[in-house]
Amino acid sequence: MDSATSDIRTPLGSQADNGIKIVIVGGFGVGKTTLVRSVSEIRPLSTEETMTLAGAGVDDVSAVREKSTTTVAFDFGRITLDARNVLYLFGAPGQERFWFLWDRLFAGALGAVVLVDTRRIDDSWYSIDRLERLGLPFVVACNDFGGTRYTPAEVRAALDLDPRVPLMVCDARVRESTKHVLISLVQHVQRLLSASDPTSNEELV
Ligand SMILES: Nc1nc2c(ncn2[C@@H]2O[C@H](COP(=O)(O)OP(=O)(O)OP(=O)(O)O)[C@@H](O)[C@H]2O)c(=O)[nH]1
Ligand SMILES: [Mg+2]
């Protein structure tokens, strides 16, 4: 085994017995695979396939013309939080023909990140609608692709988001930025749990 291979082999500690599952959803090509890759401590499992002419007319690639591959099942990454707690990240496939897989990905999840390309805000409605119906906590992260920029307040208004749902700007390519998004989700879930616990005085902010 060469050193490059050994670097990416990060064995899971034997005491790690609590897995926390987070799902990354959002429209086609918003950066879900990129986000999982930027933060995973192991080489992420990816199910990327080359986009061919056979998909023309089935997939709407008009907004992502430079894209050459797409996720056909899911991305999987891992982050060890401490000796016992491990975060498992699942990136959903963005294309409509694979949406039937989302229910399986949501099963047992702590919460979700909705990744938004602010040039295509409408593509986020489906994700938000499904999460709201499911009652799964989520945060919204606007992935920075440059171009037309909307303020977080404008995106919030366009999505008609519940004011309690955190919304932030991120760069899915940058580990620190991705970490911030995941921490915001965990804190959001903690606040929701505290608010539903009658023994807690903490309120939703
Ligand atoms: N400028 C910029 N480009 C990004 C960013 N995040 C992702 N990209 C690029 O956007 C393209 C699509 O990213 P993916 O991560 O494949 O998107 P996806 O949401 O997983 O796509 P599907 O699984 O096909 O729905 C890639 O070429 C990335 O390099 C970002 O924050 N900024
Ligand atoms: Mg993908």
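In this chain, numbering begins with 1 at the start of the sequence shown. Owing to the predicted nature of the structure, the values given are computational and were not obtained by experimental measurement. Indexing begins at 1, ligand by ligand and atom by atom, following the structure's order.
For T70, a nitrogen or oxygen atom sits less than 3.5 Å from a nitrogen or oxygen atom of ligand 1, counting backbone and side chain alike. At under 3.5 Å, a nitrogen or oxygen of V30, whether backbone or side chain, sits near a nitrogen or oxygen of ligand 1. Of the polar atoms of E48, none of the N or O atoms is found under 3.5 Å from an N or O of ligand 1, judged by distance alone. Any N or O atom pair closer than 3.5 Å counts here, and T33 shares at least one such pair with ligand 1. Polar contact with ligand 1: absent for T69 (N/O pair, distance under 3.5 Å).
Between the side chains of S177 and D171, not a single donor N or O lies within less than 3.5 Å of an accepting N or O.
Under the 4.0 angstrom criterion, atom 30 (C) of ligand 1 counts as having a protein heavy-atom contact. In this structure, atom 27 (O) of ligand 1 is not in close contact with the protein, since no protein heavy atom lies within 4.0 Å of it.
Nearest heavy atom pair, residue G146 against residue R119, reads O-CD, 4.1 Å. Considering every non-hydrogen atom in both V114 and S127, the closest pair reads CG1-CB, 4.0 Å. Here the closest heavy-atom approach between residue T47 and residue A73 is recorded as OG1-N, 3.0 Å. The two residues L105 and P93 make their nearest non-hydrogen contact at CD1-CD, 4.0 Å. Closest heavy-atom contact between A107 and K21: O-NZ, 2.7 Å. Of all the heavy atoms in D75 and S46, the pair that sits closest is OD1-OG, 3.9 Å.
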Subject >> Check against side-chain contact (heavy atoms from CB on, under 4.5 Å), L159 and S124 >> reply: CA-CA 8 Å; L159 292 174; S124 320; 3.9 Å; yes
Subject >> Worked check of side chain to side chain donor-acceptor pair (under 3.5 Å) between E48 and T71 >> reply: CA-CA 4 Å; E48 294 294 288; T71 305; 2.4 Å; yes
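In terms of protein heavy atoms, atom 16 (O) of ligand 1 is closest to K67 NZ, 3.1 Å. In terms of protein heavy-atom proximity, atom 6 (N) of ligand 1 is nearest to N143 ND2, 3.1 Å. Protein heavy atom at the shortest distance from atom 1 (N) of ligand 1 is R173 NH1, 3.4 Å. For atom 4 (C) of ligand 1, the closest non-hydrogen atom on the protein side is F145 CE2, 3.3 Å. In this structure, atom 17 (O) of ligand 1 lies nearest to the protein heavy atom G31 N, 3.1 Å. K32 NZ, 2.8 Å is the protein heavy atom nearest to atom 19 (O) of ligand 1. The closest protein non-hydrogen atom to atom 14 (P) of ligand 1 is T34 OG1, 3.5 Å. Looking at atom 23 (O) of ligand 1, its nearest protein heavy atom turns out to be T71 OG1, 2.8 Å.
Note on T33: counted as a metal contact of the Mg ion (ligand 2), an N/O/S atom lying under 2.8 Å. At least one N, O or S atom of T71, from either the backbone or the side chain, sits less than 2.8 Å from the Mg ion (ligand 2).
Aromatic ring pairs are classed by plane angle as parallel below 30°, tilted from 30° to 60° and perpendicular above 60°; the pair Y88 and F76 is parallel.
In summary, the atoms of ligand 1 found under 4.0 Å from a heavy atom of F28, numbered by their order in the structure, are 24 (O), 25 (O). Set against the non-hydrogen atoms of D144, the atoms of ligand 1 under 4.0 Å away are 1 (N), 2 (C), 30 (C), 31 (O), 32 (N). If you number the atoms of ligand 1 from 1 as listed, the ones under 4.0 Å from a heavy atom of G94 come out as 23 (O), 25 (O). Set against the non-hydrogen atoms of G29, the atoms of ligand 1 under 4.0 Å away are 12 (C), 17 (O), 18 (P), 19 (O), 21 (O), 22 (P), 25 (O).
Tested against C170 for a side-chain contact (heavy atoms from CB on, under 4.5 Å), the candidates L115, T178, V139 yield a single pass: L115.
Counting only distance, with no hydrogens or angles, the side chain of R175 and the backbone of L35 share no donor-acceptor pair below 3.5 Å. In this structure a side-chain-to-backbone donor-acceptor pair under 3.5 Å is present from S38 to A172.
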